[in-house]
Amino acid sequence: MYDELIEAAREARLKAYTPYSGFKVGAAIRTKSGTIISGCNVENASYGLCNCAERTTLFKAYSEGVTDFEAMAVIADSEGPVSPCGACRQVMLELCEGSMPVVLTNLKDDRYETTVDGLLPFGFKMQQE
Ligand SMILES: O=c1ccn([C@H]2C[C@H](O)[C@@H](CO)O2)c(=O)[nH]1
Ligand SMILES: [Zn+2]
């Protein structure tokens, strides 16, 4: 079920720009109609401007008008499944349904399956009209 999505994230990871951390991350998101959009982390000499793979992917999709997300995968060369940072969890909570599945993995294919709400319980959201 997640194999194709993880493969897209794995491919995107190879494009990561990481001269500072050397830690390459790839992410991919699938829409309900089956479109897959992927992204990688892009770093900057002004470290605070580094953009994670998760946010690159979500912002790429959103800016192309693709918003009906069904599932997301994230991959890195980490000991266990990669764990998204707080900023990305907050952005996921804003742009994805809370129940959306998120599969976190690594190059050894250790997997941790969770949801957006599972990654950020009791997260902050503005009230919707
Ligand atoms: O889930 C994660 C964790 C880290 N990073 C990036 C940010 C930075 O470029 C590098 C080291 O933190 O990895 C991601 O892209 N996604
Ligand atoms: Zn992040």
Side-chain angles (χ1 to χ4, degrees):
M1 183 186 179
Y2 295 123
D3 289 358
E4 193 189 5
L5 195 59
I6 290 171
E7 186 52 37
R10 191 182 279 263
E11 283 285 314
R13 178 183 166 274
L14 300 174
K15 301 190 178 78
Y17 174 69
T18 60
Y20 307 105
S21 75
F23 189 70
K24 295 181 183 294
V25 186
I29 197 152
R30 185 174 63 223
T31 67
K32 289 168 184 162
S33 57
T35 301
I36 290 178
I37 291 182
S38 64
C40 59
N41 51 331
V42 181
E43 299 190 340
N44 193 276
S46 176
Y47 295 170
L49 301 183
C50 292
N51 206 65
C52 296
E54 297 90 322
R55 277 175 293 143
T56 301
T57 303
L58 286 167
F59 294 159
K60 265 180 75 177
Y62 231 84
S63 58
E64 296 293 335
V66 177
T67 60
D68 58 331
F69 306 132
E70 183 188 67
M72 186 173 202
V74 190
I75 190 167
D77 189 9
S78 40
E79 181 58 34
V82 63
S83 181
C85 80
C88 290
R89 291 173 195 226
Q90 185 72 35
V91 170
M92 286 181 207
L93 190 70
E94 179 96 22
L95 301 183
C96 309
E97 285 169 21
S99 60
M100 188 187 84
V102 182
V103 59
L104 307 172
T105 188
N106 62 8
L107 297 186
K108 296 178 285 182
D109 202 36
D110 297 317
R111 294 188 192 189
Y112 180 77
E113 288 180 35
T114 183
T115 61
V116 170
D117 278 337
L119 284 170
L120 192 60
F122 200 56
F124 172 70
K125 284 185 99 167
M126 290 293 276
Q127 276 176 281
Q128 307 284 338
E129 278 160 41

* According to a 4.5 Å side-chain heavy-atom criterion applied to Ile, Leu, Val, Met, Phe, Trp and Tyr, with indirect links allowed, do Met72 and Tyr62 form part of one hydrophobic cluster? -> yes
* Asked: If you measure from OG1 on Thr105 to CD1 on Ile6, what distance do you get to the nearest 0.5 Å?
  -> 5.0 Å
* **Donor-acceptor pair between Arg10 and Ser38 side chains, under 3.5 angstrom** => no
* Okay, side chain of Lys32, backbone of Asp68: is any donor-acceptor separation there less than 3.5 Å? -> no
* Backbone N or O of Pro84 within a donor-acceptor pair of the Arg89 side chain at under 3.5 Å? -> yes
* Test item: Glu54 side-chain N/O and Cys88 main-chain N/O as donor-acceptor pair under 3.5 Å -> no
* To do: For the pair Lys108 (side chain) and Glu79 (backbone), establish whether a donor and an acceptor sit closer than 3.5 Å, ignoring hydrogens and angles.
  => yes
* Do side-chain atoms of Glu43 reach the backbone of Ala16 as a donor and acceptor pair under 3.5 angstrom? -> no
* Answer yes or no: is there a side-chain heavy-atom contact under 4.5 Å between Val103 and Met1? => no
* Structure fact -> Phe124 and Gln90 have their tightest heavy-atom pair at O-NE2, 2.8 Å
* Quick check: does any side chain N or O of Thr115 sit under 3.5 Å from a backbone N or O of Gly118, one acting as donor and the other as acceptor? -> yes
* **Any donor-acceptor pair under 3.5 Å from Asn106 side chain to Ser78 backbone** => yes
* Interatomic spacing from OH in Tyr2 to CZ in Arg111 - rounded to 0.5 Å -> 9.5 Å
* To do: Give the cluster check for Leu104 versus Phe69: same hydrophobic cluster or not, with ILVMFWY residues linked at side-chain heavy-atom distances below 4.5 Å.
  => yes
* Asked: Distance-only, no hydrogens or angles: does the Asn41 side chain make a donor-acceptor pair with backbone N or O of Thr18 under 3.5 Å?
  -> no
* **Any donor-acceptor pair under 3.5 Å from Thr56 side chain to Cys40 backbone** => yes
* Is Arg30 paired with Asp3 through a side-chain N to carboxylate O contact shorter than 4.0 Å? -> no
* Asn44 side chain to Tyr47 backbone, donor-acceptor under 3.5 Å -> no
* Structure fact -> Here the gap from Leu93 atom CG to Leu119 atom CG, rounded to the nearest 0.5 Å, amounts to 9.5 Å
* Cys85 to Cys52 - nearest heavy-atom pair and separation -> SG-SG, 3.9 Å
* To do: Calculate, to the nearest 0.5 Å, the distance between atoms CE and CD1 belonging to Met92 and Ile29 respectively.
  => 8.0 Å
* Should Val82 and Tyr17 be counted in the same cluster of Ile, Leu, Val, Met, Phe, Trp and Tyr side chains packed under 4.5 Å apart? -> no
* Leu5, Met100: one ILVMFWY side-chain cluster at the under-4.5 Å cut-off? -> no
* To do: State, with a plain yes or no, whether a side-chain heavy atom of Val25 is found less than 4.5 Å away from one of Val74.
  => yes
* Asked: Got a second to check how far Leu95's CG is from Thr57's OG1, nearest 0.5 Å?
  -> 12.0 Å
